[in-house]
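To start, the structure itself, in structure tokens.
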Amino acid sequence: MFFRKLAARYSLANLKPVETARLRLAPLVPSDAEALRALTDDPAITGAVDFLPAPFTLKDARQLIGPAKVTKDCFLGAWLRTDGTLAAVIGLHLRGDHAAEVGYWVGGAARGQGLGTEAVTAAVGLLQERFPHRVIIAQCRPENAASVGLLRKVGFRDTGDPGQLPGRRIFTVASA
């Protein structure tokens, strides 16, 4: 039991689904590849998320979902509870031993409805519960007003520190 608890402290494997008022967040699985492709193959998304190719193909979706055993990186689908449509994707990434990073993109039909904020809030809660010893961060371009607004609503603050990617800054969220 001790080793299972210790392993969970350093792994994103076996994350349980989380439900919010309008969404169900769960790790993406291979059968989600077509929904992921359809949502992500959007120039507004591929142009903003540096590691996503354009066009975003079914092969790219399958590679992003990756192997069945997730450890340091996991992508959650944020599915509408009303009809099961994929509305957003939340990336969770363990950074060293002390940080967890949240990234996200929201599908065009779901933008402007607060679904991104709802999904990121739930993901941050999941990370805080699973990894209470880690600082939760996000990286964002300061000129991306929609993303900065989302992060502020969730409780992140701009540290002023440069991110790993050019033009990005580090945002942190206060511990629960």
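When reading the values below, keep in mind they use all heavy atoms of this one structure, side chains included, and skip hydrogens, waters and symmetry mates. Position 1 is the first residue of the sequence, and the numbers go up from there.
Residues forming a side chain to side chain contact (heavy atoms under 4.5 Å, CB included) with Arg22 (at least two apart in sequence, or on another chain): Gln113, Leu115, Glu118. Shown here are the salt bridge (Lys or Arg N to Asp or Glu O under 4.0 Å) partners of Arg157, two or more places apart in sequence or in another chain: there are none. Among residues two or more places apart in sequence or in another chain, the side-chain hydrogen bond (donor to acceptor under 3.5 Å, both in side chains) test is passed with Glu129 by none. By the side chain to side chain contact (heavy atoms under 4.5 Å, CB included) test, Leu39 is found to be paired with Leu86, Val89, Trp105, residues two or more places apart in sequence or in another chain being considered. Partners of Asp50 under the side-chain hydrogen bond (donor to acceptor under 3.5 Å, both in side chains) rule, at least two apart in sequence or in another chain, are Arg141, Arg168. Applying the side-chain hydrogen bond (donor to acceptor under 3.5 Å, both in side chains) test to Asp32 and every residue at least two apart in sequence or in another chain returns nothing. With sequence neighbours left out, the side chain to side chain contact (heavy atoms under 4.5 Å, CB included) criterion links Ala122 to Val18, Thr20, Leu25. Partners of Ala109 under the side chain to side chain contact (heavy atoms under 4.5 Å, CB included) rule, at least two apart in sequence or in another chain, do not exist in this structure. A search for salt bridge (Lys or Arg N to Asp or Glu O under 4.0 Å) contacts involving Arg152 returns nothing, not counting sequence neighbours. The side-chain hydrogen bond (donor to acceptor under 3.5 Å, both in side chains) search around Arg81 returns Glu19, not counting sequence neighbours.
Hydrophobic cluster membership is shared by Leu94 and Phe171, with clusters built from Ile, Leu, Val, Met, Phe, Trp and Tyr side chains linked at under 4.5 angstrom.
Side-chain contact between Thr71 and Leu12 is absent, with no heavy atoms from C-beta onward closer than 4.5 Å. Between Val154 and Thr117 the shortest side-chain heavy-atom distance falls below 4.5 Å.
Across all their heavy atoms, Asp60 and Pro55 have their closest contact at OD2-O, 3.4 Å. Listed here is the closest heavy atom pair of Asp73 and His93: OD1-ND1, 2.6 Å.
Ring-centre distance between Phe131 and His98: not below the 6.0 Å cut-off.
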Please tabulate, for side-chain N and O atoms in residues 143-150, each donor-acceptor pair with protein atoms closer than 3.5 Å (sequence neighbours left out).
| from | atom 1 | to | atom 2 | distance (Å) |
| --- | --- | --- | --- | --- |
| Asn144 | OD1 | Ser147 | N | 3.1 |
| Ser147 | OG | Tyr104 | OH | 2.4 |

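Phe75 and Phe51 have tilted rings, their planes meeting at an angle from 30° to 60° on a 0 to 90° scale.
Other residues sharing the hydrophobic cluster of Ile170, ordered by chain and number and joined by side-chain separations under 4.5 Å: Val135, Ile137.
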